[in-house]
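For reference, the structure discussed in these notes is given below.
In what follows, every heavy atom counts, from backbone to side chain, and hydrogens, waters and symmetry copies are set aside. Convention: sequence-line order gives letters A, B, ...; per-chain numbering from 1.
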There are 2 protein chains.
Amino acid sequence: MNLHVRVFTIGALAKAAGVSTPTIRYYEEIGLLPPAPRTAGGQRTYDDDDLGRLTFIKQCRDFGFGIDQVRVLLELSISTDRDCVETRDIAQRHLDEVRQKLAELRSLERRLEGFVTRCNAACAGGPGQDCVIFKDMAVPAKGGCCG
Amino acid sequence: MNLHVRVFTIGALAKAAGVSTPTIRYYEEIGLLPPAPRTAGGQRTYDDDDLGRLTFIKQCRDFGFGIDQVRVLLELSISTDRDCVETRDIAQRHLDEVRQKLAELRSLERRLEGFVTRCNAACAGGPGQDCVIFKDMAVPAKGGCCG
DNA sequence: CTTGAACCTCAAGTTACTTGAAGGAGTACG
DNA sequence: CGTACTCCTTCAAGTAACTTGAGGTTCAAG
């Protein structure tokens, strides 16, 4: 088995976890990662545990969890005397938010579609035309394009 | 007809356009709104033109356009010698971005769904259980929940 | 004339990093 | 051993689009 401990520089760790090196220093600064041990020269060193923790953080961020949520999830992932339900609830709430956002974006997509379509229908004319595209947008109703 | 000019305080304008008062000051500061005339006491005053402009900005922001895009759209909406195609293109590009974001969110929704489902299936147990939910997330593959 | 809401400016906080400047550490080559 | 080159260090500031707070002034009503 692999009994030897891999040691990473900050750059190697960054590449392995798929984040940037300033991001790692930032995570250390805000306490998501523990202060890394240093070489005699002051450079940070990491091991596989750090890679695991950082990878976990990265995955959570990819899931769209905010830093504070990641903090909670990290804690939950370490303590053994807490149940999974809390984690599930966090994920569920987050899922609800994602769905909310999805609904908003879908509505926005439809509105933008309409906008572009009306543009294409009414504004095929070249330059020099007096485009009235925005007249409708200065009133609180729906946006229009080119009259 | 309405020949009298409506005059707004910043608060009234904010309410009419659906934004906050600090936001209006901020828009003035960054040049989206012209510097407002002041009363003798130094308070800002606005009229219907300002309401129109601010409403336009609000609509654009609701459409998801960034401040810099709004700047361009404002200019396009004022100049008469430019054609509508430029506007359409900006909207089209933005629509593409929205669709890209939608695709990402949909994917994220599916992943979160899976996460929550696995949580419910495996983690119905109460507190005190040793939750291994995060073991999978410390490796670069897909996230898992509760083994 | 006094009260209270709404207004003023200026500075800092928010999120999650990124970017830049100026300089030190580590490694390989000759 | 020198030097070249990459990677590392810290610290400060920048990003987007505002929000929040402190401390003080103006306006309209009663």
Protein-nucleotide distance (B/Lys15, atom NZ; C/dC7, atom C1'), rounded to Å:
15 Å
Which atom names give the shortest non-hydrogen contact between B/Phe8 and B/Leu51, and what distance separates them?
CZ-CD2, 3.9 Å
What is the distance from CG of A/Leu32 to C1' of C/dT15, rounded to the nearest Å?
13 Å
Salt bridge or not for A/Lys58 and A/Asp62, using N-O below 4.0 Å?
yes
Short side-chain N/O contact to D/dC18 OP1/OP2 from B/Ser20, under 4.0 Å:
no
Report, as a single string ordered 5' to 3', how protein heavy atoms within less than 4.0 Å touch nucleotides 6-17 of chain D: B base, S sugar-phosphate only, - not at all.
--SBB------B
Can you give me the dot-bracket string for DNA chain C, 5' to 3', counting Watson-Crick and G-U wobble pairs with both distances under 3.5 Å, using [ ] for crossing pairs and | for partners on another strand?
||||||||||||||||||||||||||||||
Any Lys/Arg nitrogen of A/Arg93 or A/Asp96 sitting under 4.0 Å from an Asp/Glu carboxylate oxygen of the other?
no
Would you say A/Thr39 places a side-chain N or O within less than 4.0 Å of OP1 or OP2 belonging to C/dG26?
yes
Whole-Å distance, B/Asp62 CG to D/dC18 P, equals 10 Å
Using ring centroids (six-membered ring only for Trp), state whether B/Phe63 and B/His94 fall under 6.0 Å.
no
Looking at every heavy atom in both A/Ile24 and A/Ile10, which two are closest together, and how far apart are they?
CD1-O, 3.7 Å
Taking atom OH of B/Tyr46 and atom CG of B/Leu54, what is their separation to the nearest 0.5 Å?
8.5 Å
What residues, two or more places apart in sequence or in another chain, satisfy side chain to side chain contact (heavy atoms under 4.5 Å, CB included) together with A/Thr9?
A/Ala12
Test your reading of the model: is there a side-chain donor-acceptor pair from B/Asp47 to the backbone of B/Asp50, 3.5 Å cut-off?
yes
